[in-house]
Chemist: 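To start, I am sharing the structure in question, which I have written as structure tokens.
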Amino acid sequence: MIFQGLKLTMLGMMVVFSFLFLLLLIIQLSAKLLKRYTEKEASLAIVHRPSAVRKVLSFDNNLKLTAIISAAIAAHRSRQGRYKLP
């Protein structure tokens, strides 16, 4: 009985090990096949860096975005009947 349990345990461990090894091979193969596409995307990201003007304007945009998100949350909560504003 113990021998059968050990045999079943070893079989299960081998199945899991085989699956993980196969998964590793598939991931490595897909990385090699898709490498040229990721290099192309990385080069496009480097070329289109934001300018200094965008960095200055981003602070104002963040304030506006914060106000818009806060208003949307307040509107949603008021429709739900929770957290009513005083």
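Count residues from 1 along the sequence. These values consider heavy atoms only, across backbone and side chains, with no hydrogens, waters or symmetry-generated copies. Please read all numbers here as calculations on a predicted model, not as lab measurements.
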Chemist: What pairs of donor and acceptor atoms, side-chain ones from residues 28-35 against any protein atom, are under 3.5 angstrom apart with sequence neighbours left out?
Modeler:
| residue | atom | partner | partner atom | Å |
| --- | --- | --- | --- | --- |
| Ser30 | OG | Ile26 | O | 3.3 |
| Ser30 | OG | Ile27 | O | 2.9 |

Chemist: Return the CE to CG distance between Met13 and Leu6, rounded to the nearest 0.5 Å.
Modeler: 10.5 Å
Chemist: Kindly list each side-chain donor-acceptor pair under 3.5 angstrom involving residues 15-25, sequence neighbours excluded, with atom names and distances?
Modeler:
| residue | atom | partner | partner atom | Å |
| --- | --- | --- | --- | --- |
| Ser18 | OG | Met14 | O | 2.8 |

Chemist: If the condition is side-chain contact (heavy atoms from CB on, under 4.5 Å), which residues does Ile69 pass it with, not counting sequence neighbours?
Modeler: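 Residues passing side-chain contact (heavy atoms from CB on, under 4.5 Å) with Ile69: Leu65, Ile73.
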